[in-house]
Amino acid sequence: MMARRILLILILLWLPGIVQAALEIRVTQGVEGATPVAVVPFAWSGAAKPPQDLAAIVAADLGRSGRFAPVAREDLPARPHALDQVEMERWRGGVSDYLVVGRLDRLEDGRFRVRFQLIDAVSGREMEGYRLTVPVERLRRAAHRISDIVYERLTGERGAFDTRVAYVRVIRDGEDTRYALQVADADGHDPRTVFRSRRPILSPSWSPDGQRLAYVSFENRRSEVYIQDLSSGERTRLASYAGINGAPAWSPDGQRLALTLSREGDPDIHVYDLRDGSLRRVTRDRAIDTEPQWMPDGRSLVFTSDRAGRPQLYRVDLRGGRPQRLSFQGRYNGDAAVAPDGDRIAMVHGEGGGFRIALLDLRGGGLRPLTDGPMDESPSFAPNGSMLIYATAQDGRGVLAAVSADGRVHQRLVLQEGEVREPAWSPFLD
C-alpha cells in the first residue's frame with residue numbers, strides 16, 4: 001500500500017482522450033428507520049419541460065445520505081407547490097412529516113428563478129425557505145443547495161451535497177493505458193477532465209478554497225508535484241527534486257504544502273511555503289516517512305512511517321519534538337485522513353490478510369473498522385465529516401465507495417467504462 005504512493009511506476013503508452021462519464025452512485029446499505037421526506041415535483045411556468053428536475057435531484061441527494069427515505073412520487077397524496085396549497089391532514093399520520101415543495105420559473109433574460117419551502121406537516125408551518133436566480137448551467141447546484149438546507153435543518157449538521165470529488169480515471173484498452181484527473185459533483189454528475197496523461201497520476205489534494213488541486217504526475221518519467229488552478233487550467237510545477245516527490249497535502253490556511261521528498265536520501269516529510277518558496281524538512285529518520293496530512297489547527301502533521309518495523313501512523317508537532325505514534329492495533333495502518341473536527345482519523349487498516357478503512361478516535365474511543373475490504377484504500381472525509389469516500393475493487397476493477405463515519409451507510413460509485421481511484425472530497429464551496 002505504501003509503495004503505491006512512492007514507487008516510480010513509469011507507463012510509456014499514450015492514447016489521445018478520455019470520454020467523460022458520470023459516476024453512478026448506488027446505496028448498498030442505509031440507516032434502518034430512515035426519516036421519510038416527501039419531495040414534491042416543482043411547479044414549472046413554461047410549456048416546455050424544465051431543463052433539470054430539481055425535485056428528483058434533491059430526493060436523490062437525501063436518499064444517498066442514508067438518513068432519509070424519500071417518498072416515491074406515485075405514493076404522494078397530492079402535489080402542492082407552496083405552503084398555502086398543502087392540505088396538512090392528507091400528509092399527517094404516515095406519509096411524511098416533512099415536505100419539500102417549490103417552483104421553477106424562466107425569466108426573460110434566460111435565467112431561472114428557483115423557490116422552495118421545507119414544511120413541517122405536523123405543525124403546518126414553514127421550516128425553511130429559499131429563493132435564488134441562476135443561469136441554466138447552475139440549476140443542479142441550486143438543487144444541491146436546497147438539499148444542503150433541508151439536510152441541515154432536519155439533522156442539525158451542515159450538508160455536503162454542493163461539493164465536488166476529484167479522482168483519477170484509468171482506461172485500459174489491451175496494452176494501452178490512459179489516465180485522467182477528473183472533478184465531478186458529489187453526486188457523480190458533470191465530470192470534467194482537469195489533466196490527462198499517458199503516465200500515472202496520484203494523490204490529488206484540494207486547496208482549502210476549493211479552487212486548486214495539487215497532485216503527483218509521472219508525465220516526465222519521474223514523480224513531480226504540480227498545482228493546478230481549476231478555473232484557468234494554469235499548472236505550476238512545485239517539486240521536481242531528485243528522487244521521490246509525492247503525497248502533497250494543503251495546510252488549513254492554504255499557504256503551505258506538506259510533501260514526501262527523498263532529495264536528501266531517505267523519504268521524509270517536508271513543508272513547502274508557497275509564500276516565499278522555502279522548504280523545511282520536518283522528519284529525519286532512516287525509515288520511510290510518507291503520506292502527510294495536516295491537523296485542523298495547522299500546527300502538526302499526521303504521517304505514515306515504518307520506523308517501528310511496520311507502517312503505522314505518527315503525529316509530529318511542527319514547533320518541535322519527536323513524532324508520537326498514534327496507531328497500535330493491526331500490522332498495517334497508513335494513508336491517514338483527518339476529520340474536520342480533528343478528533344478522528346480514518347486510515348487504511350491491514351489485518352488478517354485484507355485492507356479496510358478504519359476510524360481511530362483520538363479521544364480514547366479506539367480503532368473501529370468501517371468497511372469489509374479486502375483492498376480498500378485512499379480514504380477522504382466529506383467536509384462535514386459525516387461520510388468518507390475511498391477506493392476499492394469490484395469484479396477486478398477499481399471503483400469508488402463511500403461509508404458514513406458511523407459505518408451504517410454504504411455507497412458504491414461505479415463508471416460504466418474504466419476504473420476510478422485516488423478520490424479526494426472537496427472542501428465546502430462557499
Side-chain angles (χ1 to χ4, degrees), residues 1-11 199-205 214-227 237-251 256-274 276-295 298-338 345-350 355 360 377-379 422 424:
M1 294 296 243
M2 185 183 302
R4 177 181 60 83
R5 295 286 186 182
I6 64 176
L7 294 179
L8 306 183
I9 306 170
L10 300 179
I11 308 296
R199 297 186 179 93
I201 303 167
L202 298 175
S203 307
S205 175
Y215 55 91
V216 177
S217 171
F218 287 77
E219 63 199 79
N220 295 318
R221 303 190 181 190
R222 56 182 298 182
S223 63
E224 298 173 316
V225 176
Y226 287 82
I227 293 176
R237 187 168 60 183
L238 184 75
S240 184
Y241 302 104
I244 294 166
N245 302 271
W250 292 86
S251 64
R256 295 165 292 170
L257 276 173
L259 305 167
T260 297
L261 304 175
S262 64
R263 59 196 294 265
E264 299 176 52
D266 298 308
D268 277 299
I269 307 302
H270 295 67
V271 172
Y272 185 99
D273 196 314
L274 296 170
D276 58 15
S278 61
L279 187 66
R280 174 189 172 193
R281 187 174 177 181
V282 177
T283 65
R284 296 177 180 273
D285 197 278
R286 296 182 62 181
I288 296 174
D289 294 343
T290 187
E291 300 171 342
Q293 291 293 323
W294 294 82
M295 293 298 287
R299 297 178 180 178
S300 60
L301 292 166
V302 176
F303 64 97
T304 306
S305 177
D306 64 353
R307 60 185 61 200
R310 294 183 182 275
Q312 298 291 339
L313 295 186
Y314 292 78
R315 179 167 55 192
V316 60
D317 193 317
L318 296 179
R319 296 166 294 185
R322 293 181 59 82
Q324 302 297 312
R325 183 168 169 177
L326 296 177
S327 61
F328 295 89
Q329 180 180 334
R331 61 182 176 84
Y332 179 102
N333 291 291
D335 203 0
V338 180
I345 297 177
M347 68 191 72
V348 177
H349 172 64
F355 294 90
L360 175 66
E377 60 184 20
S378 303
E422 304 281 334

- prompt: Do any N or O atoms from the side chain of Glu224 and from the backbone of Ser217 form a donor-acceptor pair under 3.5 angstrom?
  reply: no

Side-chain touch Leu202/Tyr215, heavy atoms, less than 4.5 angstrom: no

- request: Please tell me if the side chains of Ile227 and Leu274 come closer than 4.5 Å, counting only heavy atoms from C-beta onward.
  value: yes

Sequence neighbours excluded, which residues qualify as side chain to side chain contact (heavy atoms under 4.5 Å, CB included) partners of [X]?
{"X": "Arg310", "answer": "Arg331"}
{"X": "Ser262", "answer": "Ile244, Pro267"}
{"X": "Ala337", "answer": "Ala346, Pro379, Phe381"}
{"X": "Asp266", "answer": "Asp268, Arg286"}

message: side-chain contact (heavy atoms from CB on, under 4.5 Å) for Val316 and Ile269? Distances and angles first, verdict last.
response: CA-CA 10 Å; Val316 60; Ile269 307 302; 5.9 Å; no

Under the salt bridge (Lys or Arg N to Asp or Glu O under 4.0 Å) test, which residues partner [X], sequence neighbours left out?
{"X": "Arg315", "value": "none"}
{"X": "Arg280", "value": "none"}
{"X": "Arg319", "value": "Asp317"}
{"X": "Arg299", "value": "none"}

Excluding sequence neighbours, so at least two apart, what forms side chain to side chain donor-acceptor pair (under 3.5 Å) with [X]?
{"X": "His270", "result": "none"}
{"X": "Asp285", "result": "none"}
{"X": "Ser300", "result": "none"}
{"X": "Glu264", "result": "Arg281"}

- prompt: Would you call the rings of Phe303 and Tyr314 parallel, tilted or perpendicular, where under 30° means parallel and over 60° means perpendicular?
  reply: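 If you compare the ring of Phe303 with that of Tyr314, the planes turn out parallel.
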
message: For Asn220 and Arg237: C-alpha separation, side-chain torsions, deciding distance, then whether side-chain contact (heavy atoms from CB on, under 4.5 Å) applies.
response: CA-CA 11 Å; Asn220 295 318; Arg237 187 168 60 183; 3.8 Å; yes

- request: Starting from the C-alpha separation in whole Å, work towards a yes-or-no answer on side-chain contact (heavy atoms from CB on, under 4.5 Å) for Arg263 and Leu279.
  value: CA-CA 11 Å; Arg263 59 196 294 265; Leu279 187 66; 3.7 Å; yes

